[in-house]
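Read the structure below first, then the notes.
Only a predicted model underlies this, so the values are computations on that prediction, with no experimental measurement involved. Each chain gets a letter, A, B and so on, in the order its sequence line appears, and its residues count up from 1.
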Number of protein chains: 2
Amino acid sequence: MLGQTDACCPGLLTAPLDEDQATELAKVFKALGDPVRLRLLSMIASRAGGEVCVCDLTPAFDLSQPTISHHLKLLKQAGLIDSERRGTWVYYRLLPEMTDRLAGILTRPAGEPLPLAVETPAGAAS
Amino acid sequence: MLGQTDACCPGLLTAPLDEDQATELAKVFKALGDPVRLRLLSMIASRAGGEVCVCDLTPAFDLSQPTISHHLKLLKQAGLIDSERRGTWVYYRLLPEMTDRLAGILTRPAGEPLPLAVETPAGAAS
DNA sequence: AGCTTGCATCGATGAACATCAATGCAACGA
DNA sequence: TCGTTGCATTGATGTTCATCGATGCAAGCT
(Lines give C-alpha, C1' and ligand atoms only; values in the text may rest on other atoms or scores of the structure.)
Protein backbone atom coordinates (compact mmCIF):
# COMPACT_ATOMS: atom_id res chain seq x y z
CA MET A 1 0.00 0.00 0.00
CA LEU A 2 1.22 3.38 -1.02
CA GLY A 3 4.39 1.61 -2.02
CA GLN A 4 7.15 3.71 -3.53
CA THR A 5 5.38 6.07 -5.82
CA ASP A 6 8.14 7.21 -8.14
CA ALA A 7 7.57 10.87 -7.28
CA CYS A 8 7.25 10.33 -3.58
CA CYS A 9 10.12 12.24 -2.10
CA PRO A 10 10.40 15.85 -3.19
CA GLY A 11 7.69 16.36 -0.65
CA LEU A 12 4.70 18.51 0.01
CA LEU A 13 6.44 21.77 0.78
CA THR A 14 8.27 22.26 -2.49
CA ALA A 15 5.80 21.32 -5.20
CA PRO A 16 2.01 21.19 -5.33
CA LEU A 17 0.84 17.65 -4.60
CA ASP A 18 -1.24 16.01 -7.28
CA GLU A 19 -4.54 14.40 -6.43
CA ASP A 20 -3.33 10.81 -6.26
CA GLN A 21 -0.37 11.58 -4.04
CA ALA A 22 -2.59 13.65 -1.77
CA THR A 23 -5.13 10.85 -1.46
CA GLU A 24 -2.50 8.27 -0.56
CA LEU A 25 -0.76 10.55 1.91
CA ALA A 26 -4.04 11.59 3.51
CA LYS A 27 -4.76 7.97 4.42
CA VAL A 28 -1.57 7.81 6.45
CA PHE A 29 -2.09 11.15 8.16
CA LYS A 30 -5.68 10.22 8.89
CA ALA A 31 -4.42 7.11 10.63
CA LEU A 32 -2.25 9.35 12.79
CA GLY A 33 -5.13 11.73 13.48
CA ASP A 34 -6.39 9.98 16.58
CA PRO A 35 -4.87 10.19 20.07
CA VAL A 36 -5.36 6.50 20.76
CA ARG A 37 -3.55 5.50 17.58
CA LEU A 38 -0.75 7.98 18.23
CA ARG A 39 -0.21 6.53 21.67
CA LEU A 40 -0.33 3.00 20.31
CA LEU A 41 2.23 3.88 17.66
CA SER A 42 4.55 5.54 20.15
CA MET A 43 4.26 2.62 22.54
CA ILE A 44 5.20 0.25 19.75
CA ALA A 45 7.96 2.41 18.32
CA SER A 46 9.62 3.22 21.62
CA ARG A 47 9.64 -0.36 22.80
CA ALA A 48 13.04 -1.86 23.40
CA GLY A 49 13.30 -4.76 21.00
CA GLY A 50 10.90 -3.11 18.61
CA GLU A 51 7.99 -5.40 19.33
CA VAL A 52 4.98 -5.23 21.59
CA CYS A 53 2.39 -7.82 22.44
CA VAL A 54 -1.21 -6.63 22.19
CA CYS A 55 -1.68 -7.77 25.75
CA ASP A 56 0.76 -5.04 26.80
CA LEU A 57 -1.07 -2.37 24.85
CA THR A 58 -4.67 -2.97 25.84
CA PRO A 59 -4.42 -2.28 29.60
CA ALA A 60 -2.97 1.19 28.93
CA PHE A 61 -6.35 2.41 27.68
CA ASP A 62 -9.89 2.68 28.98
CA LEU A 63 -11.11 1.00 25.85
CA SER A 64 -12.32 -2.46 25.03
CA GLN A 65 -10.01 -4.98 23.43
CA PRO A 66 -11.91 -4.98 20.11
CA THR A 67 -11.49 -1.22 19.91
CA ILE A 68 -7.72 -1.47 20.37
CA SER A 69 -7.66 -4.21 17.78
CA HIS A 70 -9.54 -1.94 15.41
CA HIS A 71 -7.08 0.92 15.86
CA LEU A 72 -4.12 -1.40 15.34
CA LYS A 73 -5.73 -2.59 12.13
CA LEU A 74 -5.98 0.98 10.85
CA LEU A 75 -2.33 1.66 11.67
CA LYS A 76 -1.39 -1.53 9.88
CA GLN A 77 -3.46 -0.65 6.82
CA ALA A 78 -1.70 2.70 6.72
CA GLY A 79 1.64 0.92 6.47
CA LEU A 80 2.88 2.26 9.78
CA ILE A 81 3.12 -1.04 11.63
CA ASP A 82 3.15 -4.75 10.95
CA SER A 83 2.11 -7.74 13.03
CA GLU A 84 3.23 -11.29 13.53
CA ARG A 85 1.70 -14.11 15.49
CA ARG A 86 4.05 -16.14 17.65
CA GLY A 87 2.29 -18.84 19.60
CA THR A 88 -0.54 -17.41 21.62
CA TRP A 89 0.43 -13.79 21.23
CA VAL A 90 0.46 -11.29 18.38
CA TYR A 91 3.36 -8.86 18.23
CA TYR A 92 3.30 -5.47 16.54
CA ARG A 93 6.35 -3.57 15.32
CA LEU A 94 7.03 -0.24 13.67
CA LEU A 95 7.68 0.02 9.95
CA PRO A 96 10.22 2.86 10.03
CA GLU A 97 10.16 3.37 6.27
CA MET A 98 6.78 5.03 6.55
CA THR A 99 7.65 7.38 9.39
CA ASP A 100 10.91 8.21 7.65
CA ARG A 101 8.99 9.02 4.52
CA LEU A 102 6.55 11.26 6.36
CA ALA A 103 9.40 13.06 8.07
CA GLY A 104 11.01 13.66 4.71
CA ILE A 105 7.80 14.94 3.23
CA LEU A 106 7.40 17.44 6.04
CA THR A 107 10.99 18.60 5.91
CA ARG A 108 11.80 21.81 4.15
CA PRO A 109 14.73 21.60 1.69
CA ALA A 110 17.19 23.67 3.71
CA GLY A 111 16.69 27.43 3.39
CA GLU A 112 13.90 28.69 1.17
CA PRO A 113 15.26 31.38 -1.09
CA LEU A 114 11.98 33.29 -0.57
CA PRO A 115 11.89 34.97 -3.98
CA LEU A 116 9.95 38.18 -4.32
CA ALA A 117 6.21 37.80 -4.17
CA VAL A 118 4.26 38.47 -7.31
CA GLU A 119 1.40 40.74 -6.34
CA THR A 120 -0.94 39.62 -9.10
CA PRO A 121 -3.64 37.19 -7.98
CA ALA A 122 -6.02 35.58 -10.46
CA GLY A 123 -8.24 38.00 -12.28
CA ALA A 124 -6.45 41.07 -11.04
CA ALA A 125 -4.65 41.68 -14.30
CA SER A 126 -7.09 44.35 -15.38
CA MET B 1 -2.47 26.34 20.01
CA LEU B 2 -0.31 23.45 20.93
CA GLY B 3 2.37 26.01 21.68
CA GLN B 4 5.70 24.76 22.86
CA THR B 5 4.86 22.05 25.33
CA ASP B 6 8.09 21.67 27.28
CA ALA B 7 8.38 17.98 26.43
CA CYS B 8 7.51 18.41 22.80
CA CYS B 9 10.61 17.37 20.98
CA PRO B 10 11.96 13.96 21.99
CA GLY B 11 9.18 12.77 19.78
CA LEU B 12 6.81 9.87 19.39
CA LEU B 13 9.27 7.19 18.40
CA THR B 14 11.46 7.23 21.49
CA ALA B 15 9.09 7.49 24.43
CA PRO B 16 5.42 6.62 24.91
CA LEU B 17 3.31 9.73 24.34
CA ASP B 18 1.13 10.79 27.24
CA GLU B 19 -2.54 11.44 26.70
CA ASP B 20 -2.38 15.23 26.49
CA GLN B 21 0.46 15.26 23.99
CA ALA B 22 -1.32 12.63 21.90
CA THR B 23 -4.53 14.66 21.87
CA GLU B 24 -2.79 17.84 20.75
CA LEU B 25 -0.75 16.08 18.11
CA ALA B 26 -3.76 14.18 16.81
CA LYS B 27 -5.52 17.46 16.02
CA VAL B 28 -2.70 18.46 13.69
CA PHE B 29 -2.45 15.08 11.99
CA LYS B 30 -6.22 14.99 11.60
CA ALA B 31 -6.02 18.32 9.80
CA LEU B 32 -3.53 16.69 7.42
CA GLY B 33 -5.72 13.62 6.98
CA ASP B 34 -7.68 14.94 4.04
CA PRO B 35 -6.48 15.08 0.42
CA VAL B 36 -7.99 18.51 -0.20
CA ARG B 37 -6.24 20.00 2.82
CA LEU B 38 -2.96 18.33 1.89
CA ARG B 39 -3.12 19.83 -1.57
CA LEU B 40 -4.06 23.22 -0.17
CA LEU B 41 -1.13 23.09 2.21
CA SER B 42 1.32 22.06 -0.48
CA MET B 43 0.05 24.76 -2.81
CA ILE B 44 0.58 27.35 -0.09
CA ALA B 45 3.92 26.01 1.05
CA SER B 46 5.44 25.61 -2.38
CA ARG B 47 4.40 29.03 -3.54
CA ALA B 48 7.21 31.38 -4.44
CA GLY B 49 6.88 34.28 -2.03
CA GLY B 50 5.26 32.08 0.55
CA GLU B 51 1.80 33.54 0.11
CA VAL B 52 -1.26 32.53 -1.89
CA CYS B 53 -4.49 34.35 -2.49
CA VAL B 54 -7.63 32.28 -1.94
CA CYS B 55 -8.67 33.21 -5.45
CA ASP B 56 -5.70 31.17 -6.70
CA LEU B 57 -6.59 28.14 -4.59
CA THR B 58 -10.29 27.75 -5.26
CA PRO B 59 -10.20 27.10 -9.03
CA ALA B 60 -7.84 24.15 -8.51
CA PHE B 61 -10.63 22.08 -6.99
CA ASP B 62 -14.07 20.84 -8.00
CA LEU B 63 -15.43 22.20 -4.75
CA SER B 64 -17.44 25.23 -3.83
CA GLN B 65 -15.72 28.28 -2.44
CA PRO B 66 -17.25 27.87 1.05
CA THR B 67 -15.85 24.34 1.21
CA ILE B 68 -12.34 25.56 0.43
CA SER B 69 -12.78 28.25 3.04
CA HIS B 70 -13.78 25.59 5.54
CA HIS B 71 -10.68 23.49 4.86
CA LEU B 72 -8.44 26.52 5.15
CA LYS B 73 -10.02 27.29 8.49
CA LEU B 74 -9.19 23.79 9.76
CA LEU B 75 -5.57 24.10 8.60
CA LYS B 76 -5.37 27.45 10.34
CA GLN B 77 -6.85 26.10 13.57
CA ALA B 78 -4.25 23.34 13.47
CA GLY B 79 -1.50 25.95 13.45
CA LEU B 80 -0.24 24.94 10.03
CA ILE B 81 -1.05 28.16 8.19
CA ASP B 82 -1.96 31.76 8.89
CA SER B 83 -3.92 34.34 6.94
CA GLU B 84 -3.84 38.05 6.37
CA ARG B 85 -6.24 40.35 4.59
CA ARG B 86 -4.69 42.90 2.23
CA GLY B 87 -7.22 45.00 0.42
CA THR B 88 -9.74 42.87 -1.36
CA TRP B 89 -7.82 39.65 -1.06
CA VAL B 90 -6.92 37.27 1.75
CA TYR B 91 -3.47 35.68 1.64
CA TYR B 92 -2.51 32.44 3.31
CA ARG B 93 1.02 31.42 4.23
CA LEU B 94 2.72 28.40 5.79
CA LEU B 95 3.75 28.39 9.44
CA PRO B 96 6.95 26.35 9.09
CA GLU B 97 7.36 25.89 12.84
CA MET B 98 4.54 23.36 12.85
CA THR B 99 5.75 21.30 9.91
CA ASP B 100 9.27 21.40 11.34
CA ARG B 101 7.94 20.14 14.61
CA LEU B 102 6.02 17.31 12.99
CA ALA B 103 9.08 16.33 10.98
CA GLY B 104 11.11 16.23 14.19
CA ILE B 105 8.50 14.15 15.94
CA LEU B 106 8.52 11.60 13.14
CA THR B 107 12.30 11.43 12.90
CA ARG B 108 14.11 8.58 14.52
CA PRO B 109 17.09 9.57 16.69
CA ALA B 110 19.84 8.21 14.40
CA GLY B 111 20.32 4.44 14.63
CA GLU B 112 18.20 2.49 17.07
CA PRO B 113 20.44 0.27 19.16
CA LEU B 114 17.73 -2.45 18.95
CA PRO B 115 18.45 -4.12 22.30
CA LEU B 116 17.52 -7.75 22.67
CA ALA B 117 13.81 -8.42 22.86
CA VAL B 118 12.45 -9.58 26.18
CA GLU B 119 10.15 -12.48 25.47
CA THR B 120 7.88 -11.94 28.44
CA PRO B 121 4.55 -10.31 27.67
CA ALA B 122 2.14 -9.36 30.42
CA GLY B 123 0.93 -12.25 32.50
CA ALA B 124 3.31 -14.72 30.96
CA ALA B 125 5.64 -14.76 33.95
CA SER B 126 4.25 -18.01 35.29
C1' DA C 1 -11.88 -33.99 23.73
C1' DG C 2 -13.00 -30.00 26.56
C1' DC C 3 -11.64 -25.67 28.68
C1' DT C 4 -9.20 -21.25 28.82
C1' DT C 5 -6.71 -17.35 26.99
C1' DG C 6 -5.41 -13.89 23.40
C1' DC C 7 -6.88 -11.53 19.59
C1' DA C 8 -9.67 -10.50 15.25
C1' DT C 9 -14.07 -9.75 12.93
C1' DC C 10 -19.04 -8.51 12.65
C1' DG C 11 -23.19 -5.65 13.31
C1' DA C 12 -25.24 -1.77 15.47
C1' DT C 13 -25.35 2.95 17.32
C1' DG C 14 -24.19 7.67 18.30
C1' DA C 15 -20.87 11.37 17.24
C1' DA C 16 -18.07 13.86 14.05
C1' DC C 17 -17.07 15.27 9.43
C1' DA C 18 -17.45 16.93 4.37
C1' DT C 19 -20.19 19.28 1.42
C1' DC C 20 -23.48 22.46 -0.38
C1' DA C 21 -26.86 26.48 -0.92
C1' DA C 22 -27.95 30.60 1.20
C1' DT C 23 -26.47 34.45 3.53
C1' DG C 24 -23.39 38.02 5.65
C1' DC C 25 -19.77 41.24 5.28
C1' DA C 26 -15.68 43.99 3.94
C1' DA C 27 -13.45 46.44 0.19
C1' DC C 28 -13.43 48.60 -4.07
C1' DG C 29 -15.41 51.10 -8.14
C1' DA C 30 -19.21 53.69 -10.65
C1' DT D 1 -25.04 55.57 -2.66
C1' DC D 2 -25.41 51.54 -5.07
C1' DG D 3 -23.72 47.44 -7.20
C1' DT D 4 -19.89 44.07 -7.58
C1' DT D 5 -16.25 41.08 -6.11
C1' DG D 6 -13.74 38.14 -2.69
C1' DC D 7 -14.18 35.51 1.19
C1' DA D 8 -16.24 33.76 5.72
C1' DT D 9 -20.14 31.94 8.33
C1' DT D 10 -24.52 29.50 8.95
C1' DG D 11 -27.84 25.69 8.60
C1' DA D 12 -29.00 21.36 6.57
C1' DT D 13 -27.87 16.72 4.79
C1' DG D 14 -25.44 12.52 3.65
C1' DT D 15 -21.31 9.99 4.90
C1' DT D 16 -17.61 8.42 7.66
C1' DC D 17 -15.74 7.28 12.16
C1' DA D 18 -15.20 5.54 17.10
C1' DT D 19 -16.94 2.48 20.13
C1' DC D 20 -19.17 -1.43 22.03
C1' DG D 21 -21.16 -6.26 22.73
C1' DA D 22 -21.32 -10.59 20.62
C1' DT D 23 -19.07 -13.91 18.18
C1' DG D 24 -15.29 -16.57 15.83
C1' DC D 25 -10.93 -18.70 15.90
C1' DA D 26 -6.17 -20.22 16.87
C1' DA D 27 -3.04 -21.92 20.40
C1' DG D 28 -1.98 -23.97 24.64
C1' DC D 29 -3.30 -26.61 28.84
C1' DT D 30 -5.57 -30.57 31.45
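For D:dA8, the OP1/OP2 oxygens have a side-chain nitrogen or oxygen of B:S69 closer than 4.0 Å. Applying the 4.0 Å criterion to OP1 and OP2 of C:dA18, one finds that B:R37 has a side-chain N or O inside that range. In this structure, B:S64 reaches the C:dC20 phosphate: one of its side-chain N or O atoms is under 4.0 Å from OP1 or OP2.
In this structure, A:L63 places its CG atom 18 Å from P of D:dC17, rounding to the nearest Å. Taking atom CZ of residue A:R86 and atom P of nucleotide C:dG6, one finds them 16 Å apart after rounding to whole Å. Here the C1' atom of nucleotide C:dC20 and the CZ atom of B:F61 are 17 Å apart, to the nearest Å. B:Q77 places its CD atom 13 Å from the C1' atom of C:dC17, with the value rounded to the nearest Å. Following rounding to the nearest Å, A:F29 (CZ) and C:dC17 (P) show an atom-to-atom distance of 18 Å. Distance B:I68 CD1 to D:dG6 P: 16 Å, rounded to the nearest Å. The distance from atom CD of B:Q65 to atom C1' of D:dA8 is 7 Å, rounded to the nearest whole Å. Rounded to an integer number of Å, the gap from B:H70 NE2 to C:dA18 P is 5 Å.
For the side chain to side chain contact (heavy atoms under 4.5 Å, CB included) criterion with B:L38, the lone passing option out of A:I105, A:L25, A:T23 is A:L25. Of the residues listed (B:L40, B:L95, B:L41, B:L74), the one engaging B:L80 in a side chain to side chain contact (heavy atoms under 4.5 Å, CB included) is B:L41, and it is the only one.
B:Y92 comes within 4.0 angstrom of sugar-phosphate atoms only, judged by non-hydrogen atoms across all strands, and of no base. Counting non-hydrogen atoms under 4.0 angstrom, B:L72 reaches nothing in the nucleic acid. If you check every strand for non-hydrogen atoms under 4.0 Å, A:L74 touches sugar and phosphate atoms only. At the heavy-atom level, A:H71 lies under 4.0 Å from the strands shown only through sugar-phosphate atoms. Residue B:T67 is in base contact, counting any heavy-atom pair closer than 4.0 Å across all strands shown.
Counting only heavy atoms from C-beta outward, the side chains of B:H71 and B:F61 never approach each other to under 4.5 Å. Within the 4.5 Å cutoff, side-chain heavy atoms of A:L57 are placed close to those of A:I44.
Picking from D:dA18, C:dA22, C:dC17 the nucleotide with the shortest atom distance to the side chain of B:P66 gives C:dA22. Here the side chain of A:V54 is nearest to one of C:dC7, C:dC20, D:dA18, namely C:dC7. Closest to the A:W89 side chain, of the nucleotides D:dC7, C:dC7, C:dA18, is C:dC7. For A:K30, counting side-chain heavy atoms from C-beta on, the closest listed nucleotide (D:dT19, D:dC17, D:dG6) is D:dC17.
Proximity of a side-chain donor or acceptor of B:R37 to a complementary backbone N or O of B:K30 within less than 3.5 Å is detected.
Residue whose closest nucleotide on DNA chain C sits further toward the 5' end, between A:K73 and B:G33: A:K73. Along DNA chain D, the nucleotide nearest to A:V36 and the one nearest to A:T88 differ in position, and the one closer to the 5' end is contacted by A:V36.
Note that CD1 of B:I68 is 8.5 Å distant from CD of B:Q65, once rounded to the nearest 0.5 Å.
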